[in-house]
Amino acid sequence: VHTHHEPGTVYSDGATVPVKVNGDVYVEVGGVVTAGESVHINATGKIGGATLADSVEVQNTRFMESAADGEIARVRIVK
């Protein structure tokens with residue numbers, strides 16, 4: 001369920017925020033990704049596949065479709 005809030009107006013420092021732990025999200029990918037591969041993220045927030053430089057795997061996630069650099073891909077989160 002989405003609740004719209006203007007940036008910077010809802011959560012104060014140290015506040016608890018909701019986190020999605022199940023379902024699908026759409027992300028812009030940095031580099032080519034293949035359906036079924038694990039999702040990786042680097043320190044700058046770039047999201048890609050296992051070949052993304054200096055990245056770590058995001059546990060319990062998989063790309064549900066293939067995409068080229070700069071395209072949008074569906075990611076499934078399963079906890």
Side-chain angles (χ1 to χ4, degrees):
V1 175
H2 172 76
T3 304
H4 178 75
H5 300 285
E6 291 301 319
T9 62
V10 178
Y11 303 112
S12 60
D13 287 346
T16 301
V17 297
V19 176
K20 187 165 183 82
V21 294
N22 189 336
D24 292 354
V25 295
Y26 292 83
V27 299
E28 181 179 346
V29 298
V32 176
V33 299
T34 304
E37 82 172 301
S38 60
V39 178
H40 286 69
I41 190 167
N42 68 15
T44 65
K46 194 175 213 181
I47 298 170
T51 59
L52 182 64
D54 300 320
S55 65
V56 295
E57 182 177 351
V58 180
Q59 293 184 348
N60 304 316
T61 60
R62 290 279 178 256
F63 283 104
M64 300 307 294
E65 54 200 18
S66 299
D69 184 38
E71 291 184 338
I72 302 296
R74 183 168 44 116
V75 170
R76 177 151 301 153
I77 304 166
V78 180
K79 182 126 178 144

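A quick note: this is a predicted structure, and the numbers were derived from the prediction, not measured.
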Identify the heavy atoms of K46 and G30 that sit nearest to each other, and give their distance. CE-CA, 3.7 Å
Quick check on the hydrophobic clustering: are V58 and V25 connected, directly or via other members, by side-chain heavy-atom contacts under 4.5 Å? yes
Would you kindly confirm whether L52 and F63 end up in one hydrophobic cluster when ILVMFWY residues are joined by side chain heavy atoms under 4.5 Å apart? no
Closest non-hydrogen atom pair between E57 and R62, with its separation: OE2-NH1, 4.0 Å
Gap separating the CG atom of N22 from the CZ atom of R76, nearest 0.5 angstrom: 9.0 Å
With hydrophobic residues grouped by side-chain heavy-atom distances under 4.5 Å, do I77 and I72 end up in a single group? no
CG on N60 to NZ on K79, rounded to 0.5 Å: 6.0 Å
CG (D54) and NE2 (H40) are apart, to the nearest 0.5 Å, by 12.0 Å
Sidechain-backbone polar pair: S66 side chain, A35 backbone, donor-acceptor under 3.5 Å: yes
Do V32 and V27 share a hydrophobic cluster (ILVMFWY, side-chain heavy atoms under 4.5 Å, transitive)? no
Counting C-beta onward and ignoring hydrogens, is there a side-chain heavy-atom pair between D69 and V29 closer than 4.5 Å? no
What distance separates Y26 OH from M64 CE, expressed to the nearest 0.5 Å? 9.5 Å
As an exercise, state the distance from OG1 of T51 to CD of E37, rounded to the nearest 0.5 Å. 6.5 Å
Let me check something: do V56 and V33 share a hydrophobic cluster, defined by ILVMFWY side-chain heavy atoms less than 4.5 Å apart, either directly or through other members? yes
